[in-house]
Amino acid sequence: MYFYQEVAEQMFRLGVNDRRISRFENMFPMPEGVCYNSYLLMGEKNLLMDTVDACFMDQFLENLEAALQGKALDYIVISHMEPDHSTAIEAVMRAHPECKLVGNAKSFQFMEQFYGEQPKERWIEVKDGDTLDIGNRTLQFIFAPMVHWPEVMMTMTDRGELFTADAFGSFGAIAGHIFSDTMELDEAFMNEARRYYINIVGKHGKNVTALLKKLEGKDIQMILPLHGPIHRTQENIQKMVEKYRVWASFEPEEKGVLIALASMYGNSALAMDMLAYYLVEEGVKNVKIYDVSGTDYSYITAAAHRYSHLVITPLTYNMELYPKMDAFLRDLVGTGYKNRTYSLVGNASWGGKAVKMAEEILAPAKCEKIGEDLMLKSAATQENLEELRNLAKEIAASLK
């Protein structure tokens, strides 16, 4: 059974849903799966934008041949060589022996690294700004290095259709919503779009900012990512571009407090619950609590980028920093986290250097510290509760 959708005049989406995969890049949880998008542009020449993961090769090839309706495929454009988009290329090239592969020098280098020596006579190497005419559309190639991979190449048509590789995508399989204007870009969607961006692009904000500058003044009518829905209304296009602008700047999206806690027996967790109560009493509306022991870091890291303030509990474990807090903080700093404030509420029954280690890990972020270090000894006392209340007041004051 084949299935494809026309998304613009003589342009078809040949995407597939993957609801079985559990982790993106074998790291980031995807409880709702993911979709792989590929696009076929028909004209005097027929051109395919990327392929899909090898697990769906048979379905993809059936979709492609049905959409071609017996016509030849002339070109495949490689946006980047990540295997979830490139593993079906060889099968398509075998099925269409006259087809040419369009990519940049780095793309072809990676192709041979992944798949061995290739027939170079079928390559068309392009440079930034080069164009390709397929009859009813002229394509321009826009290099976007490190907007996920070093060789990322976006493609824009003279009709304003922008193929963005993995940029402007999101986790989650598509539930019929090929276009984002047929669904709500609500809290749940934006949380997954943010988690996707922060964890796979994250620290490369300068590269994203450079890309957005390249795109300034261009008449973008559609954004077609390789994961997630297509954006075709100006409202949603501008919404996604603005989100990328903010995320790439490393500035908080909104004022609020993210509490990332570690707690072996519940004592630090209880103290953080009390801090949250005090923060709300002080008028703080956005307060989120995550436990680093039970929540994948990708969720906590993305939420930390969203909010202006971070509170952590540098728990002492075997005289050092609790391993999962250590891992979370390193992950956070690795995504380019900065321009925010942080506070520390440590806990130790004896000895240790957890607080010092946490500060050393956070040092490259150069964030402002709010309040004095608050140190619990095994469990919070009534005196500690007063200290937590005072910390809440300091945090709330800085938010105002």
Side-chain angles (χ1 to χ4, degrees), residues 27-29 198-199 256-280 284 286-335 337-338 340-395 398:
M27 288 194 292
F28 310 119
I198 295 299
N199 287 283
V257 182
L258 187 283
I259 299 175
L261 68 88
S263 188
M264 283 184 285
Y265 303 108
N267 294 304
S268 293
L270 178 59
M272 290 303 95
D273 278 338
M274 297 310 301
L275 176 63
Y277 294 144
Y278 295 147
L279 285 167
V280 173
V284 180
N286 289 328
V287 182
K288 302 292 182 183
I289 301 178
Y290 288 95
D291 187 337
V292 300
S293 300
T295 306
D296 186 85
Y297 307 143
S298 65
Y299 292 95
I300 315 175
T301 296
H305 276 265
R306 177 179 181 178
Y307 295 113
S308 56
H309 290 56
L310 173 69
V311 179
I312 62 168
T313 61
L315 193 66
T316 300
Y317 187 82
N318 283 343
M319 305 293 286
E320 297 191 345
L321 180 60
Y322 188 68
K324 290 200 171 184
M325 179 61 76
D326 185 293
F328 159 64
L329 292 177
R330 293 183 191 280
D331 181 75
L332 179 64
V333 172
T335 59
Y337 184 79
K338 60 182 177 181
R340 289 159 176 81
T341 76
Y342 74 98
S343 304
L344 302 175
V345 181
N347 193 348
S349 294
W350 66 88
K353 50 185 178 181
V355 170
K356 181 182 178 183
M357 290 179 69
E359 297 231 63
E360 287 174 351
I361 296 169
L362 280 170
K366 297 181 180 179
C367 293
E368 178 189 357
K369 188 174 182 180
I370 300 292
E372 297 295 323
D373 293 344
L374 198 163
M375 196 68 195
L376 310 179
K377 292 184 177 178
S378 302
T381 63
Q382 292 304 124
E383 182 180 337
N384 290 143
L385 290 184
E386 192 59 33
E387 293 174 323
L388 287 167
R389 187 186 294 274
N390 291 334
L391 176 60
K393 289 180 179 179
E394 289 188 73
I395 293 172
S398 71

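The structure presented is a predicted model; accordingly, all values stated were derived computationally and were not measured.
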Peer 1: Can you tell me how far CG of Leu374 sits from CG of Leu344, rounded to the nearest 0.5 angstrom?
Peer 2: 10.0 Å
Peer 1: Look at the side chain of Thr313 and the backbone N and O of Gly346, then say whether any donor-acceptor pair between them is shorter than 3.5 Å.
Peer 2: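 Such a contact is absent between Thr313 side chain and Gly346 backbone.
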Peer 1: Quick one: does Arg306's side chain have a donor or acceptor within less than 3.5 Å of a partner on Ala304's backbone?
Peer 2: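 No; zero donor-acceptor contacts below 3.5 Å.
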Peer 1: Per the side chain to side chain donor-acceptor pair (under 3.5 Å) rule, what does the pair list look like for residues 319-330, sequence neighbours excluded?
Peer 2: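 Those involving residues 319-330 are Ser293-Tyr322, Asp326-Arg330.
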Peer 1: What pairs of residues pass the side chain to side chain donor-acceptor pair (under 3.5 Å) test when at least one of them lies in residues 259-271, not counting sequence neighbours?
Peer 2: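 Every pair satisfying side chain to side chain donor-acceptor pair (under 3.5 Å) with a residue in residues 259-271: Ser268-Asn347.
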Peer 1: For the atom pair CG (Leu385) and CG (Leu270), what is the distance rounded to the nearest 0.5 Å?
Peer 2: 8.0 Å
Peer 1: Does His309 have any ring pair (Phe, Tyr, Trp, His ring centres under 6.0 Å) partners at least two apart in sequence or in another chain, and if so, which?
Peer 2: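 If we apply the ring pair (Phe, Tyr, Trp, His ring centres under 6.0 Å) test to His309, skipping adjacent residues, there are no hits.
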Peer 1: If you count every heavy atom of other residues, nucleotides or ligands that lies below 6.0 Å from Glu360 atom CD, does the total exceed 12?
Peer 2: yes
Peer 1: Give me the atom names and distance for the closest heavy-atom approach of Pro323 to Tyr317.
Peer 2: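 Answer, listing the atom of Pro323 first, then Tyr317: CD-CD2, 3.8 Å.
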Peer 1: Cut-off 3.5 Å, side chains only: do Tyr342 and Glu359 have a donor facing an acceptor?
Peer 2: yes
Peer 1: What's the separation between atom NZ in Lys353 and atom OG1 in Thr316, rounded to the nearest 0.5 Å?
Peer 2: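 Going from NZ on Lys353 over to OG1 on Thr316, the span is 11.0 Å.
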Peer 1: Using the side-chain contact (heavy atoms from CB on, under 4.5 Å) criterion, which residues pair with Ser343? Sequence neighbours excluded.
Peer 2: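 With sequence neighbours excluded, Ser343 shows a side-chain contact (heavy atoms from CB on, under 4.5 Å) to Val311, Ile370, Leu391, Ile395, given in chain and number order.
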Peer 1: Taking all atoms of both residues into account, what is the closest heavy-atom pair of Ala262 and Asp291, and its distance?
Peer 2: CA-OD1, 4.4 Å
Peer 1: If I compare all heavy atoms of Tyr278 with all of Leu388, which pair ends up nearest, and what's the gap?
Peer 2: CD1-C, 3.8 Å
Peer 1: Are Leu332 and Leu310 side-chain neighbours, meaning at least one heavy-atom pair lies under 4.5 Å?
Peer 2: yes
Peer 1: Rounded to the nearest 0.5 Å, what separates atom CG in Leu362 from atom NZ in Lys369?
Peer 2: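 If I round to the nearest 0.5 Å, the distance is 10.0 Å.
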Peer 1: Residues in side-chain contact (heavy atoms from CB on, under 4.5 Å) with Asp331, at least two apart?
Peer 2: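 Only Asn199, Tyr297, Thr301 meet the side-chain contact (heavy atoms from CB on, under 4.5 Å) criterion with Asp331.
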Peer 1: Taking all non-hydrogen atoms of both residues into account, name the closest pair between Ser349 and Ser378 and its distance.
Peer 2: OG-OG, 2.8 Å
Peer 1: Do Met272 and Val345 touch side chain to side chain, with heavy atoms closer than 4.5 Å?
Peer 2: yes
Peer 1: Where is the tightest heavy-atom contact between Ala380 and Asn384, given as atom of each residue plus distance?
Peer 2: CA-OD1, 3.4 Å
Peer 1: Would you find a donor on one side and an acceptor on the other, under 3.5 Å apart, between the side chain of Arg340 and the backbone of Tyr307?
Peer 2: yes
Peer 1: Give, for atom CD of Glu387 and atom CG of Leu376, the distance between the pair rounded to the nearest 0.5 Å.
Peer 2: 8.5 Å
Peer 1: Go through the structure and list residues passing ring pair (Phe, Tyr, Trp, His ring centres under 6.0 Å) with Tyr337, not counting sequence neighbours.
Peer 2: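 With sequence neighbours excluded, Tyr337 shows a ring pair (Phe, Tyr, Trp, His ring centres under 6.0 Å) to His305, given in chain and number order.
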Peer 1: Taking atom CD1 of Ile312 and atom CG of Leu321, what is their separation to the nearest 0.5 Å?
Peer 2: 7.5 Å
